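Nothing here was measured: the structure is a model prediction, and the numbers come from that model. Numbers for residues simply follow the sequence, beginning at 1.
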Amino acid sequence: MGVLASVAGCGGGTEGAPIAESSTSSVVATPVADEPWDPCTIPDSAVEAAGLDVESKSTNLFGDAPLSTEWKTCIWTDPDPGSWYFLGVFSGFHTLNDLQSNDRFGQFTKVDELGGYEFLRADRPSGRSCGFALEVEQGLVYLVLDTMGSEEPQGDPCVEIMRIAGSLHSSLPPAAS
């Protein structure tokens, strides 16, 4: 997507300095993002279709401050009654290699049909968390499903995260080529 920008010369000048002539040309520039894609822009209809509680949307489960200065985040829970997990969607100017080199994550497995990788959180007990990462045109987007507190999982977190990732896939930024 390009941005149309008009380029024009200066109209006046300082005495003795050359006066630039007006230009009527225009250029198409490719925008450079100042911030990562915001996962809270996923449409409510897509969030609901993924089986998440639209009203639970938050940028931080623990208050109003952002979770990170390096990542845009958005968090939802599964619908009440009986919510057993929350889903965090993270977006940043990072690579899959950055995520893979983070000790908090491991066991990356390619998911060909979605063009990304399933992974586990190394800092969570087995069967309580699962994630999906996708390299996008301007960085990385990853989803993490974590069980809430001491709630027992009502299903396999990896099966659930892959169902959600498949449902939300068309609402995520384009995959890197």
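Applying the disulfide (SG to SG under 2.5 Å) test to every pair with at least one member in residues 107-177, sequence neighbours left out, gives these pairs: Cys130-Cys158. Residue pairs meeting the salt bridge (charged side-chain N to carboxylate O under 4.0 Å, His left out) criterion with at least one partner in residues 160-170, sequence neighbours excluded, are Glu160-Arg163.
Closest approach of Lys72 and Asp38 over heavy atoms only: CB-CA, 4.2 Å. Here the closest non-hydrogen pair linking Ala175 and Glu137 is O-CG, 3.8 Å. Scanning both residues, Gly51 and Pro79, for their nearest heavy atoms gives O-CD, 3.0 Å. Trp71 and His94 get closest at one heavy-atom pair: CZ2-CD2, 3.2 Å. The minimum heavy-atom distance between Ser83 and Met148, with the atom names listed, is CB-CE, 3.8 Å. Summarising the geometry of Ala133 relative to Leu96, their closest heavy-atom pair is CB-CD1, 4.0 Å, with the distance given to 0.1 Å.
Counting Ile, Leu, Val, Met, Phe, Trp and Tyr side chains that sit under 4.5 Å apart, directly or through other members, Ile164 shares a hydrophobic cluster with Trp37, Ile42, Val47, Leu52, Val54, Trp76, Trp84, Tyr85, Leu87, Val89, Val111, Leu114, Phe132, Leu134, Val136, Val141, Leu143, Leu145, Ile161, Met162, Leu168, Leu172.
In this structure, the separation between CZ on Phe108 and CZ on Phe119 is 5.5 Å, given to the nearest 0.5 Å. Atom CD of Glu70 sits about 11.5 Å away from atom CZ of Phe93, to the nearest 0.5 Å.
With sequence neighbours excluded, the residues forming a side chain to side chain contact (heavy atoms under 4.5 Å, CB included) with Asp112 are Lys110, listed by chain and number. Remark: Ser171 pairs with no residue by the side-chain hydrogen bond (donor to acceptor under 3.5 Å, both in side chains) rule, at least two apart or across chains. For Asp123, the salt bridge (charged side-chain N to carboxylate O under 4.0 Å, His left out) test picks out Arg104, Arg121, with sequence neighbours left out.
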Please determine whether ring pair (Phe, Tyr, Trp, His ring centres under 6.0 Å) holds for the pair Tyr142 and Phe105, giving the CA-CA distance in whole Å, both sets of side-chain angles, and the decisive distance to 0.1 Å.
CA-CA 12 Å; Tyr142 73 93; Phe105 307 108; 5.7 Å; yes

For a side chain to side chain contact (heavy atoms under 4.5 Å, CB included) check, start with the C-alpha distance between Asp146 and Arg128, then their side-chain angles and the critical distance, and finish with the verdict. CA-CA 6 Å; Asp146 277 312; Arg128 302 201 51 93; over 6 Å; no

Between Phe90 and Leu140, does a side chain to side chain contact (heavy atoms under 4.5 Å, CB included) hold up when you go through it step by step?
CA-CA 8 Å; Phe90 300 80; Leu140 183 73; over 6 Å; no

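Not one N or O on the side chain of Asn102 forms a donor-acceptor pair closer than 3.5 Å with the backbone of Leu99. A donor-acceptor pair under 3.5 Å is absent between the side-chain atoms of Thr147 and the main chain of Pro153, judged by distance alone.
Here the side chains of Lys57 and Asp44 are in contact, with some heavy-atom distance below 4.5 Å. With contacts defined as side-chain heavy-atom distances shorter than 4.5 Å, the pair Pro39/Ser91 qualifies.
Within a 6.0 Å sphere centred on CD of Glu55, other residues, nucleotides and ligands contribute 12 heavy atoms or fewer. Residue Gln107 places its CD atom among 12 or fewer non-hydrogen atoms of other residues, nucleotides or ligands, all under 6.0 Å distant.
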